[in-house]
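Below, each value reflects all heavy atoms present in this structure, side chains not excepted, and no hydrogens, waters or symmetry copies. All values reported here derive from a predicted model rather than from experimental measurement. Start at 1 with the first residue, then count along the sequence.
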Amino acid sequence: MIAAGEHEIAELLTVCDGEMLGTCCGGCRQKLREFASGDLKIHLCGPDGLHRTVTLEQLLPLSFGPHSLHKP
């Protein structure tokens, strides 16, 4: 994404197999937090389709991100 000149993630879709609701791993969550806003829509899907949609803020409440580095 960065190599292609992009700097912001607009929307995300995850697809996980099984009965449990699958979300992103910790490494992916950190990258999402760095390149997406809190209102990023994350669509959690299984092989049968969409199970739930959450925002990044719902997935990572009280997270440390770029806004944490700004001086008042």
Side-chain angles (χ1 to χ4, degrees):
M1 177 182 98
I2 298 300
E6 299 297 328
H7 299 282
E8 186 175 341
I9 299 170
E11 204 161 353
L12 182 77
L13 174 106
T14 63
V15 180
C16 298
D17 195 11
E19 294 181 21
M20 292 180 60
L21 190 62
T23 62
C24 310
C25 72
C28 291
R29 289 178 188 216
Q30 180 62 39
K31 288 168 186 65
L32 288 171
R33 187 63 190 92
E34 292 173 13
F35 295 103
S37 64
D39 62 351
L40 171 75
K41 290 182 182 172
I42 303 170
H43 306 288
L44 309 175
C45 302
D48 57 340
L50 178 65
H51 290 200
R52 185 174 174 187
T53 298
V54 297
T55 64
L56 184 58
E57 180 66 30
Q58 290 171 317
L59 187 65
L60 301 173
L62 303 174
S63 65
F64 180 91
H67 74 281
S68 304
L69 302 174
H70 293 267
K71 294 181 181 180

Check: residues 41-51 side-chain donor-acceptor pairs under 3.5 Å, at least two apart:
unit_1	atom_1	unit_2	atom_2	d
H43	ND1	T53	OG1	2.9
H43	NE2	E11	OE2	2.5
D48	OD1	H51	NE2	2.7

Original post:
Got a second to check how far C24's SG is from Q30's CD, nearest 0.5 Å?
Top reply: 12.5 Å
**OP:** Report the C-alpha distance between C28 and L12 in whole Å, list the side-chain angles of each, state the deciding distance to 0.1 Å, and finish with yes or no for side chain to side chain contact (heavy atoms under 4.5 Å, CB included).
**Re:** CA-CA 11 Å; C28 291; L12 182 77; over 6 Å; no
Subject >> Minimal non-hydrogen separation, G22 against C16, with atom names >> reply: CA-SG, 3.6 Å
**OP:** Rounded to the nearest 0.5 Å, what's the gap from CG on L32 to CG on L60? Could you check?
**Re:** 7.5 Å
**OP:** Using side-chain contact (heavy atoms from CB on, under 4.5 Å) as the criterion, list what pairs up with M20, not counting sequence neighbours.
**Re:** none
Subject >> By side chain to side chain donor-acceptor pair (under 3.5 Å) - contacts of R29 (at least two apart) >> reply: T23
Subject >> Partner set under side chain to side chain donor-acceptor pair (under 3.5 Å) for D39, not counting sequence neighbours >> reply: S37
**OP:** Could you identify which residues cluster with V15, counting Ile, Leu, Val, Met, Phe, Trp and Tyr as linked when any side-chain heavy atoms lie under 4.5 Å apart, either directly or through a chain of such contacts?
**Re:** L13
**OP:** List the atom of H7, the atom of F35, and the distance in Å for their closest heavy-atom pair.
**Re:** O-CD2, 3.7 Å
Original post:
So which heavy atom on E8 is nearest to which on M1, and how close?
Top reply: N-CE, 4.2 Å
Original post:
Can you name the closest pair of heavy atoms from E6 and I2 and give their distance?
Top reply: O-CD1, 3.3 Å
Subject >> Test side chain to side chain donor-acceptor pair (under 3.5 Å) applied to T14 - qualifying residues, sequence neighbours left out >> reply: none
